[in-house]
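This report concerns only the one structure given below.
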Amino acid sequence: MSNRSNFPDMSRLLTRGAILLVAVLVVGAMAAGCMTTTLVSGQAGVRYSPFGGTDLENVYGEGLKIHAPWVNVIKYDVRVQERLENMEALSSNGLSIGTDISVRWRPSSETLPSLHVNYGVDYFRKLIGPELRSVVREVIGQFTPEELYSTRRTELQDQIFALVKESVEGENVVIEAILIRDVRLPEQIRMAIENKLKEEQEAERYEFTIEKERLEAERKRIEAEGQAAYQQIITASLTSQYLRFKGIEATQQLANSPNSKTVIVGSGDDGLPLILGGQ
């Protein structure tokens with residue numbers, strides 16, 4: 001009876017021992033790094049096995065991944081990335097134009113295995129960079145240095161963005177933005193453009209002054225014509241009878257005034273009363 005009662009204890013010990021052994025093996029494999037891969041925030045992984053090639057159906061997300069020793073997990077940064085490219089291109093009149101262009105992109109997480117098969121982790125150098133340089137040279141060749149330096153830089157930027165985005169469409173890469181940081185012209189050309197812009201601004205200021213003076217002269221002419229017309233109307237209305245009537249009316253008002261005065265009726269010019277004295 002005592003021997004049979006020990007069987008459950010032995011079974012439990014064996015079970016615990018087996019679990020402990022498996023745990024030790026797993027921990028040992030993890031410590032050795034041969035069966036685990038950790039993908040940090042912003043990373044995704046593509047699974048490759050020499051026995052089956054690249055897994056085109058599945059993409060590993062963030063976290064700890066346990067896999068067979070012969071499986072390789074290739075890590076990709078799937079966040080938005082940015083790179084500044086310095087390039088030289090010829091303008092429409094053959095002058096060398098230097099540009100600093102910033103491109104923002106990210107790989108498409110859903111189709112990451114296809115990107116890996118077609119280009120690999122160095123996809124920027126193989127895909128985005130060449131397309132960007134080709135488009136920049138093509139678009140800058142349509143502009144003059146004056147347009148690139150001043151008036152049409154936004155149009156240049158928009159055209160480059162649209163063409164690069166179109167050229168990499170279907171290649172499992174998303175172009176988020178393209179920004180022109182700087183346009184560098186030969187020093188003599190830059191100074192000539194700046195002087196030309198200053199002269200144009202001075203000419204515009206001069207034209208504004210002339211137009212302002214012209215409008216002021218026109219205003220004064222209209223005002224003078226209005227005053228002349230007013231005087232003609234007043235003069236035409238001042239007849240002798242009207243003036244005599246107004247004189248009599250003023251005499252009546254003065255006669256009613258408390259100030260002392262002497263009024264001689266009929267002794268003034270045109271028969272108007274003559275007023276003497278008064279305060």
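Computed from a predicted structure; not experimentally measured. These values consider heavy atoms only, across backbone and side chains, with no hydrogens, waters or symmetry-generated copies.
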Exercise for review: Apply side chain to side chain contact (heavy atoms under 4.5 Å, CB included) to the pair Thr99 and Asp182, showing each step before the final yes or no.
Suggested key: CA-CA 6 Å; Thr99 57; Asp182 188 28; over 6 Å; no
How far apart are the closest heavy atoms of [X] and [Y], and which atoms are they?
X      : Y      : answer
Thr38  : Lys75  : O-NZ, 3.2 Å
Val168 : Glu131 : CG1-CG, 4.2 Å
Glu88  : Arg137 : O-NE, 3.9 Å
Gln43  : Glu62  : O-CG, 3.8 Å
Pro107 : Asp77  : CG-O, 3.3 Å
Ile178 : Gln157 : O-CG, 3.2 Å

Review point. Cluster question for you: counting only ILVMFWY and a side-chain heavy-atom cut-off of under 4.5 Å, with indirect links fine, are Val164 and Val174 together?
Key: no
Point to revise | Within one Ile-Leu-Val-Met-Phe-Trp-Tyr cluster: Met87 and Leu163, side-chain cutoff 4.5 Å | key: yes
Point to revise | Residue pair Ile101, Leu84: steps toward the side chain to side chain contact (heavy atoms under 4.5 Å, CB included) verdict | key: CA-CA 6 Å; Ile101 297 182; Leu84 182 64; 5.8 Å; no
Point to revise | Rounded distance (nearest 0.5 Å) linking atom CD of Glu166 with atom CZ of Phe161 | key: 11.5 Å
Check your understanding: To the nearest 0.5 Å, how far apart are OG1 in Thr37 and CG in Leu39?
Key -> 7.0 Å
N/O donor-acceptor pairs under 3.5 Å from side chains in residues 115-124, not counting sequence neighbours:
residue : atom : partner : partner atom : Å
His116  : ND1  : Tyr76   : OH           : 2.7
Asn118  : ND2  : Ser114  : O            : 3.2
Tyr119  : OH   : Glu171  : OE1          : 3.0
Asp122  : OD2  : Arg125  : NE           : 2.4
Asp122  : OD2  : Arg125  : NH2          : 3.1
Tyr123  : OH   : Gln81   : NE2          : 3.4
Tyr123  : OH   : Trp105  : NE1          : 3.1

Any side-chain heavy-atom pair from [X] and [Y] closer than 4.5 angstrom?
X      : Y      : answer
Ile74  : Arg47  : no
Leu64  : Thr36  : yes
Leu127 : Val173 : yes
Arg79  : Arg106 : no
Lys212 : Glu216 : no

Exercise for review: Tell me, with the steps shown, if Arg104 and Ile175 meet side chain to side chain contact (heavy atoms under 4.5 Å, CB included).
Suggested key: CA-CA 6 Å; Arg104 294 176 185 169; Ile175 303 298; over 6 Å; no
Exercise for review: Dump the intermediate steps for side chain to side chain contact (heavy atoms under 4.5 Å, CB included) on Ile210 and Glu213, then the final yes or no.
Suggested key: CA-CA 5 Å; Ile210 292 177; Glu213 294 297 330; 5.9 Å; no
Exercise answer: donor-acceptor pairs, residues 50-57 side-chain atoms, under 3.5 Å, sequence neighbours excluded:
residue : atom : partner : partner atom : Å
Asp55   : OD1  : Glu57   : N            : 3.1
Asp55   : OD1  : Asn58   : N            : 3.4
Asp55   : OD2  : Asn58   : ND2          : 2.9

Practice item. For the pair Arg219 and Glu223, find out whether any cationic side-chain nitrogen is under 4.0 Å from an anionic carboxylate oxygen. Key: yes
Check your understanding: Does a side-chain N-to-carboxylate-O contact under 4.0 Å join Glu147 and Arg152?
Key -> yes
Point to revise | Residues, nucleotides or ligands: over 12 heavy atoms within 6.0 Å of Lys165 NZ | key: no
Point to revise | Non-neighbouring partners of Glu225 that pass side chain to side chain contact (heavy atoms under 4.5 Å, CB included), sequence neighbours left out | key: Arg221
Practice item. Using the side-chain contact (heavy atoms from CB on, under 4.5 Å) rule, pick out the option among Leu156, Val183, Ile97 that qualifies with Phe143. Key: Leu156
